[in-house]
Amino acid sequence: MSQFTWKDLIQLNSNDKSYLSPLSCMAHVDVNAFFAQAEQIRCGYTRDDPVVCVQWNSIIAVSYAARKYGISRLDTIGSAMEKSGNKLIPIHTAVFKRGEDYWKYHDGCGSWNKDKTKRIPANLYKVSLDPYRRESRKIFRIFRKYSDRVEKASVDEVFLDLGKLCFERLLTENILSEGSDNFKGLKILREVFQQGEYNLESTLPLVPEELKLLNFVGDVYNPENTPLIEDWDDVIFAIGSQIIGEIRKDIEDSLGFTTSAGIARTKYVTKLGSNFKKPDAQTIILNKFVQDFLDGESFDITSFWTFGGKIGNEICTILKTPETHSIKFIRENWPDGPQRLHNYLNERISELSNSDEIHTLDSSKTEALSRKLYDISRGQFLLPLNKKPIVKSMMSNKNMRKDSCCNIIHAISWIEVFSGELTARIKELEQEYSKLIVPKTVVLLATTLKKKVYRKSGHFVHSHNGITSKDFIQVGTKLMQDIDNEYCGSSNSSFYPLLNLSMTISNFEIFDTNKTIVDMFGNHARILTKTNNSIQEVNEDTQIESNVLFCKSCNLNFETNKGFQEHKDFHVAQKLSDAMNGISENSKNLTVGERRLLLNKKRKYPDRISPKFNKKSKEKGGSTPGILSFFKK
DNA sequence: TACTCACAG
DNA sequence: GGCTGTGAGTA
């Protein structure tokens, strides 16, 4: 007798319930040393070349060829070069230059180079991960060719729910050579299914002999050498392993990446499986061997997803797990359901409540936690694929070296970089999904030694072609000016240098580009003006413009918005000018982009040139004549 | 909503 | 360890 019913089998075909079936089959696929492989492929090296991916002085990904020298991600590039006898091939990530809105590779340059002229200085550049996101999308598209039951778990990992695919293959496709006499058994199963002559609650027939000869692709975890295929779950897993084998081969043939995969009933176990043998391998963990796998390999509690940090450590403290902290301990000590475990967790937490050992766990979390631990230790914690929205937020961020951002010009130059990066990323997503993607909010966060300052924009105004880099620069600059005004205002306090500057966009509105976009926005605009929310937004915006037509530092009132705006521009120009003078002593601090930025400022206001004012500012002497002259006080 | 913490890769 | 991203929790 099979242990499975028709219902179990048919549930595999359901999009949202398949993961609950005892026959369910999931997979996790991980690209090996992703960034390093991406660089190896881009630069035309082979898998045997010891490529590492570098960011400033650190290694952020080590190819398997380079691991043979004992190099790990924690090595600095210098020590790694030594370990490898200079055989290492370090490739730096692409970078943006301050003041430029596009990234570039500077192959042949890198921090490992003793010759300083060939360095990529971290104070003037920002790492771009865009190339990896691109490759990631190419890889993801291949998965999608096979199935829409794919979850992108990170830039280099996916989960697949293979239920539907396995179901289809088992019941309709050629998984065996038709010639064989024994094909009969499978045929009967298919006929019964097609005629609907089954009872959902009744058990499936025994697995026909010929199906037991199905090949697994990859390594089946099987320490005791038991027969592999006995019941239908084994058959499903064999088919699943074939599918994953095909997809991985496709990825390798068309893009050149090697991957590792795990195939099992639950997401948690697939993740352990893909990590089990690397690189370029796949491991199948059959249901009947799950316990052997978890126990025999004595997985640490902290090696399970979400338990990798403080929570995992606190669990170990609370449960007083022995040395190895193996998950087996939980299964053996709480054999009869999560209730006792729940009680014990609560007892121990109150015992330890006054100690300094527990910070993140408390009794509000123990019920869910006990169930999770109980199930995880048995390899039966079921999780569905996680449907992720296209985007939630996007951040462009730069940690500053001491001289990376010491005035508003620098800040705006970084905002140019951020704007370019964010725009490019949005455009790629738009192309991929054939949508128009528009963020509603922009947040600028500046961090100094003493404080963190946020500024958030109101609603975005955008053309029907979507967002442009200029839009972000405009908003970002405005927010930055605002920050600068408040913290660096009239008194020249020591707000700069910034330790960090970041721009985050969020609150996306996503429009279908199938419909005529103009119509969409026509409607949208009307809706916006009607709702309460948007009226507030509009007011908020106009308040920024018109509420206070008064300049505190000059003690001047303005009658028109326009006039006030121009006056504010004057103050910014003053800042820019001052900043430039500060820099001019050491003019190499200014990048080409920054000079261009200043020139652009000029071009933007050609109608404001006032010879009189120009002269005056020159007379004041010292300061750069250019900028100030284009603004009215 | 603003902000912090925790976690992951 | 540097860089992105998400989700939970807090006030």
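Protein chains get the first letters and strands the later ones, always in sequence-line order, with residue 1 at the start of each. Hydrogens, waters and symmetry mates play no part in the numbers below; they use all other heavy atoms, side chains included.
- Phosphate contact (OP1/OP2 of C:dG5, side-chain N/O of A:R133, threshold under 4.0 Å): present.
- Remark: P of C:dC3 and CH2 of A:W103 are 18 Å apart, rounded to the nearest angstrom.
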Point to revise | Stepwise salt bridge (charged side-chain N to carboxylate O under 4.0 Å, His left out) check, A:D375 with A:R378 | key: CA-CA 5 Å; A:D375 284 341; A:R378 287 162 177 75; over 6 Å; no
**Study point:** A:Y105 and A:H92: CA distance, side-chain angles, deciding distance, ring pair (Phe, Tyr, Trp, His ring centres under 6.0 Å) verdict
**Key:** CA-CA 8 Å; A:Y105 273 104; A:H92 201 282; 9.0 Å; no
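- If you run side-chain contact (heavy atoms from CB on, under 4.5 Å) between A:I244 and each of A:I284, A:T270, A:L162, only A:L162 comes through.
- Aromatic ring orientation, A:Y487 versus A:F495: parallel (interplanar angle below 30°, classes split at 30° and 60°).
- Remark: A:F143 engages no residue in a ring pair (Phe, Tyr, Trp, His ring centres under 6.0 Å) (not counting sequence neighbours).
- Listed pair A:S393 / C:dT6 meets the phosphate criterion, a side-chain N or O lying under 4.0 Å from OP1 or OP2.
- Nucleic acid contact for A:I60: base, since at least one base atom lies under 4.0 Å from a heavy atom of the residue.
- Rounded to an integer number of Å, the gap from A:M394 CE to C:dG5 P is 7 Å.
- Atom CG in A:N500 sits roughly 9 Å away from atom P in C:dC3 (whole-Å rounding).
- Here chain A contacts DNA chain B (any atom closer than 4.0 Å to a heavy atom, that is under 4.0 Å), and the contacts span B:dA2 to B:dG9 from 5' to 3'.
- Between the side chain of A:R348 and the main chain of A:I318, a donor-acceptor pair closer than 3.5 Å is present.
- Atom CZ of A:F418 and atom C1' of C:dC3 are 12 Å apart (whole Å).
- Rounded to an integer number of Å, the gap from CG of A:L499 to P of C:dG2 is 13 Å.
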Polar-atom pairs under 3.5 Å, protein N or O versus N or O of nucleotides 7-11 of chain C: list them with distances, or write none.
from, atom 1, to, atom 2, distance (Å)
C:dG7, OP1, A:K392, NZ, 3.2
C:dG7, OP2, A:K392, NZ, 2.7

Residues 31-38 of chain A, side-chain donor-acceptor partners within the protein, below 3.5 Å, at least two apart:
from, atom 1, to, atom 2, distance (Å)
A:N32, OD1, A:S260, OG, 2.9
A:N32, ND2, A:T258, O, 3.3
A:N32, ND2, A:T258, OG1, 2.9
A:Q37, OE1, A:T258, N, 2.9
A:Q37, NE2, A:N32, O, 2.8
A:Q37, NE2, A:T258, O, 3.0
A:Q37, NE2, A:T258, OG1, 3.3

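- Using a 4.0 Å cutoff on non-hydrogen atoms, the parts of residues 147-162 of chain A near DNA chain B are A:S154, A:D156, A:E157, ordered by number.
- Atom pair A:Q55:CD and C:dT4:P shows a separation of 8 Å (rounding to whole Å applied).
- Side chain of A:K126 to backbone of A:R98: no donor-acceptor contact under 3.5 angstrom is found.
- Within 4.0 Å of A:F307, counting heavy atoms only, lie sugar-phosphate atoms of the nucleic acid but no base atom.
- Under 4.0 angstrom from either OP1 or OP2 of C:dT4 there lies at least one side-chain N or O belonging to A:N397.
- For the pair A:R425 CZ and C:dT4 C1', the interatomic distance rounds to 8 Å; values are reported in whole Å.
- Closest non-hydrogen pair, A:D356 versus A:H359, comes out as O-CE1, 2.8 Å.
- In this model, the phosphate group of C:dG1 is not approached by any side-chain N or O of A:W56 to a distance below 4.0 Å at OP1 or OP2.
- The environment of NZ in A:K365 is crowded: more than 12 heavy-atom neighbours from other residues, nucleotides or ligands sit within 6.0 Å.
- With sequence neighbours excluded, no residue forms a ring pair (Phe, Tyr, Trp, His ring centres under 6.0 Å) with A:Y19.
- Taking atom CG of A:L129 as the reference point, atom C1' of C:dG2 lies 10 Å away to the nearest angstrom.
- Counting only N and O atoms by type, the side chains of A:H28 and A:E157 include a donor and acceptor under 3.5 Å apart.
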